[in-house]
Trainee: 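A single structure is presented below for examination.
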Amino acid sequence: HHAHHDHGKKNWKTYFWEFFMLFLAVFCGFLAEIQVEHYIEHQRERKYMQMYVEDLRADSLRFGRVIERNKQMLRNLDQLVSLVNSAVFTDSTIVRMYDLYSRGAGFVNFLYNKRTLSQLRAAGGYKLIRVKEVADSLIARDIDVDWNDWMRQRLHDNFNNVRDNGVEIFDEYQVYSHRKSLSADIDSAIDSVMMPRNAIDPSDAKRFSLLTNDRLLISKFSSSVINFSKVLWRYNRDLISYQRKCHSLIALISKEYAIE
């Protein structure tokens, strides 16, 4: 005969506690996994914010330079409009018009630093950002970046219009040959022509003449300069607003994420 061992039957309490302990182990593991995921996400969020502040600080340094250069351009454009609408074109008036047209009728682009912005977009937008005020500010800046790109395109279009009308009045070769004649070698000559930095000397006035005195063409050119000035003024005003927002956003992110 074989001995029979009776281990006793498990009651419902035993089953309940076994199930509860198993459930508790799985649940705790689940909580631990969530905590790890949250920690990783928070670390990613902080890293993005540190990078974003670096981008903002880089933009902040460039804002002032670009704004001041464009203010100077606006003064140049204003003077050019006044001169082309003169009743009489003297030699000194013409040489100054050539100088402003060749050297001062332009603008300075502002290109946002989009490094972190592009990475955030690729990572799924701003859902990673927990602080609502920061997320809202970043979304607003995103809109500003797109608006800035659109305004820059308008500037380019209006600037091209100025140039298209300007070639009817100003002889580019006169400026080209004059600047080349002042250079010691071909490389510096090309640099001087492509990126003129120095004003044309008024004593060289006799070397310059307009292609036409047709008042209709001159009026058309003047109108294109005025329209370009309007767009540039609006663009620069937006840059001043972006500069203030940039400083505020740096302060906000630095405070919320304890970034120095």
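The residues of the chain are indexed from 1 along the displayed sequence.
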Trainee: Taking all heavy atoms of Asn113 and all of Arg115, pick out the closest pair and write down the distance.
Mentor: OD1-N, 3.2 Å
Trainee: Would you call Arg141-Asp55 a salt bridge at under 4.0 Å N-O?
Mentor: no
Trainee: Is Asp149 close to Lys114 at the side-chain level, that is, under 4.5 Å between some pair of heavy atoms?
Mentor: yes
Trainee: Under the side chain to side chain donor-acceptor pair (under 3.5 Å) rule, what do Asp157 and Gln153 come out as? Steps first, then yes or no, please.
Mentor: CA-CA 6 Å; Asp157 293 343; Gln153 186 57 53; 3.0 Å; yes
Trainee: Using side-chain heavy atoms (C-beta onward) and a distance below 4.5 Å, is Ile169 in contact with Thr212?
Mentor: yes
Trainee: Would Glu168 and Lys220 pass as an ion pair if we require N to O under 4.0 Å?
Mentor: no
Trainee: Testing Asp238, Asp144, Asp59 for salt bridge (Lys or Arg N to Asp or Glu O under 4.0 Å) with Lys245, which one passes?
Mentor: Asp144
Trainee: Is any side-chain heavy atom of Phe228 less than 4.5 Å from a side-chain heavy atom of Asn161?
Mentor: no
Trainee: Can you name the one residue among Val134, Asp136, Ile253 that meets side-chain contact (heavy atoms from CB on, under 4.5 Å) with Ile129?
Mentor: Val134
Trainee: When you compare the side chain of Tyr257 with that of Gln50, does any pair of heavy atoms fall below 4.5 Å?
Mentor: no
Trainee: Between Gln72 and Arg75, is there a side-chain donor-acceptor contact under 3.5 Å, judged purely by atom types and distance?
Mentor: yes
Trainee: Testing the basics here: between Gly106 and Leu232, what is the closest heavy-atom pair and its distance to 0.1 Å?
Mentor: O-CD2, 3.8 Å
Trainee: Please give me the minimum heavy-atom distance between Ile218 and Val84, naming the atom from each residue.
Mentor: CG2-O, 3.2 Å
Trainee: Pick from Ser222, Ser224, Ser223: which one makes a side-chain contact (heavy atoms from CB on, under 4.5 Å) with Ile226?
Mentor: Ser222
Trainee: I'd like to know if Arg57 pairs up with Glu54 as an ion pair, taking the criterion as any Lys NZ or Arg NE/NH1/NH2 lying under 4.0 Å from an Asp or Glu carboxylate oxygen.
Mentor: no
Trainee: Would Arg103 count as a cation-pi partner of Tyr98, with NZ or CZ less than 6.0 Å from the six-membered ring centre and within 45° of the ring normal?
Mentor: no
Trainee: Does Asn109 reach the main-chain N or O of Leu111 with its side chain, forming a donor-acceptor pair under 3.5 Å?
Mentor: no
Trainee: Would Phe110 and Ile67 count as a side chain to side chain contact (heavy atoms under 4.5 Å, CB included) here? Give the steps.
Mentor: CA-CA 9 Å; Phe110 184 85; Ile67 289 167; over 6 Å; no
